[in-house]
Structure formats: C-alpha cells, structure tokens
Amino acid sequence: MVELGVLLGTGSGGTKDQAEARKLFERAAEAGNPRGVTNLAALSGSGGAPSDPGKARALLTKAAEANSAEAQYQLGVMNADGVGGPKDDVAARAWFEKAAAQNHPGALERMGDFAESGRGGPKDTAAAKAYYEKAAALGNDSAKTALKRVECPYVIKDKNGKFVTNLCF
C-alpha cells in the first residue's frame with residue numbers, strides 16, 4: 001500500500017493521484033505501518049487535503065512507539081509547535097532525542113537547537129555542538145549553519161546591520 005501510494009503521490013511511472021495516495025497511506029497507517037503514517041503527514045504538509053492534526057498525532061505516536069525515527073521526529077515537531085495538541089517542549093525534546101539516537105538528521109539538528117537554547121531541558125552548548133556536528137555530517141544544512149554559529153559566536157555586521165562574518169576565538 002505504501003509503495004503504491006508513493007507512486008501515485010509523486011506521479012512516478014504514471015498519473016499523479018494524491019487523493020488515491022492519501023487513501024492508501026491512511027489504510028497503511030490504520031494498519032500500523034510507520035511509513036504509511038509519515039507519508040500521510042508529508043502528503044498533508046505538501047498541499048494535500050488538510051488532515052486532522054489530532055488524528056495525525058495519534059497515528060504518529062503509534063508509529064513512534066514502533067521505533068520509527070521519522071515518526072518520532074514528526075511528533076517532536078508537532079509537540080514543539082503545538083500542532084494537534086498542546087505545545088510541550090519537554091515532550092518535543094524527548095521525541096527529538098529518540099529520533100536523534102537513530103541518527104535522524106533533522107532530529108539531530110533540532111536537538112542541537114534545544115540543547116543550545118535550553119528549551120525543554122538543560123542548556124548545554126557542548127551537547128548542542130555535538131548534535132550539530134552529527135547532523136552536519138549527515139548533510140543537514142541548517143546544522144552546518146548552526147555549528148558555525150556555535151563555534152564562532154561573534155558576529156560582525158556592516159553599518160547597515162547586515163551580516164558580514166563570524167569571528168572565531
């Protein structure tokens with residue numbers, strides 16, 4: 001169901017049919033398939049018909065508990081932003097941490113951000129740097145930028161206030 005949904009959702013090898021892809025992802029998600037859940041969430045986030053955020057959160061929770069790193073990451077985002085339920089930085093950080101333990105690049109970057117700012121737990125610049133380094137090594141561009149900021153925290157701006165460079169000591 002998931003693979004056929006991907007083909008229909010992207011139009012690979014035939015006609016693009018997001019409505020049919022959604023039905024297949026929903027069936028897979030209801031059956032407990034983690035990729036069905038995360039693909040359904042991705043389809044909704046990419047301009048597909050709006051889904052029920054509360055239902056999406058519940059389905060993602062099932063997939064996350066089945067150890068899907070993508071579902072754990074998506075749940076972290078939903079908790080961090082208050083989508084489909086209350087905003088909860090502690091829960092968001094916990095979900096990001098679980099996905100980061102599986103080397104999910106986005107979760108590693110978000111854990112770096114949470115550790116750097118102290119959001120949802122203790123502030124820890126050394127841990128933030130380590131998370132950013134792992135995410136950057138996996139190709140996450142946001143982590144590369146954040147790593148530079150952590151390593152070189154002093155910012156030089158021109159007379160108009162525009163960024164020129166970072167100073168490292």
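Among all heavy-atom pairs drawn from K87 and D89, the shortest one is CE-OD1, 3.9 Å. Of all the heavy atoms in Q18 and G9, the pair that sits closest is NE2-O, 3.8 Å. Closest of all the heavy-atom pairs between A107 and A100 is CB-N, 3.6 Å. Residues A71 and A64 share a closest heavy-atom pair of CB-N, 3.6 Å. Closest approach of G36 and A29 over heavy atoms only: C-CB, 4.1 Å.
In the hydrophobic cluster analysis, where Ile, Leu, Val, Met, Phe, Trp and Tyr join through side-chain heavy atoms closer than 4.5 angstrom, Y73 is grouped together with M111. Both V164 and Y154 belong to a common hydrophobic cluster when Ile, Leu, Val, Met, Phe, Trp and Tyr are linked at side-chain heavy-atom distances under 4.5 angstrom. Side-chain heavy atoms closer than 4.5 Å link hydrophobic residues (I, L, V, M, F, W, Y) into clusters, and following such links, possibly through other members, connects M78 to L40. A single hydrophobic cluster is seen to contain both V83 and V37, as judged by linkage of ILVMFWY side chains at heavy-atom distances under 4.5 Å, directly or through other members.
When atom types are taken as modelled, the side chain of T15 and the backbone of G11 share no donor-acceptor pair closer than 3.5 angstrom. Remark: the backbone N or O of A135 is not paired with any side-chain donor or acceptor of E109 at under 3.5 angstrom.
If you take CD on E3 and CG on N39, they are separated by 8.5 Å, rounding to the nearest 0.5 Å. Put simply, OG on S142 and CZ on R110 are 9.5 Å apart, with the number rounded to the nearest 0.5 Å. To the nearest 0.5 Å, atom CG of residue N103 and atom CG of residue L138 are 6.0 Å apart. Taken to the nearest 0.5 Å, the OG1 atom of T165 stands 7.5 Å off from the CD1 atom of I156.
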Between side-chain atoms of residues 90-99 and protein atoms elsewhere (two or more places apart, or another chain), which donor-acceptor pairs fall under 3.5 Å?
from: R93; atom 1: NH1; to: R119; atom 2: O; distance (Å): 3.0
from: R93; atom 1: NH1; to: G121; atom 2: O; distance (Å): 3.4
from: R93; atom 1: NH1; to: P122; atom 2: O; distance (Å): 3.3
from: R93; atom 1: NH2; to: P122; atom 2: O; distance (Å): 3.1

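Residues passing the salt bridge (charged side-chain N to carboxylate O under 4.0 Å, His left out) test with R57, sequence neighbours excluded: none. Every residue two or more places apart in sequence or in another chain that forms a side-chain contact (heavy atoms from CB on, under 4.5 Å) with E30 is listed here: K55, L59. With sequence neighbours excluded, no residue forms a side chain to side chain donor-acceptor pair (under 3.5 Å) with D17. Applying the side chain to side chain donor-acceptor pair (under 3.5 Å) rule to T10 yields the partners S12; only residues at least two apart in sequence or on another chain are considered. Partners of E65 according to the salt bridge (charged side-chain N to carboxylate O under 4.0 Å, His left out) rule, which considers only residues two or more places apart in sequence or in another chain, do not exist here. Scanning for salt bridge (charged side-chain N to carboxylate O under 4.0 Å, His left out) contacts around D113 gives an empty result, with sequence neighbours left out.
Connectivity analysis of hydrophobic side chains (ILVMFWY, heavy atoms under 4.5 Å, direct or indirect) links M1 to L4, L8, L24. F163 belongs to a hydrophobic cluster whose remaining members, ordered by chain and number, are V155; membership requires side-chain heavy atoms of ILVMFWY residues under 4.5 Å apart, directly or through intermediates.
Between F25 and N33 there is no side-chain heavy-atom pair separated by less than 4.5 Å. Residues N140 and L108 fail the side-chain proximity criterion, which asks for heavy atoms closer than 4.5 Å. You'll find the side chain of N67 reaches within 4.5 Å of the side chain of Q72, heavy atoms only.
For residues 136-145, the salt bridge (charged side-chain N to carboxylate O under 4.0 Å, His left out) pairs, not counting sequence neighbours, are D141-K144. Residues in residues 125-134 take part in these side-chain hydrogen bond (donor to acceptor under 3.5 Å, both in side chains) pairs, two or more places apart or across chains: E116-Y132, Y132-R149. The side-chain hydrogen bond (donor to acceptor under 3.5 Å, both in side chains) contacts involving residues 74-83 comprise E70-Q74, where partners must be two or more places apart or lie in separate chains.
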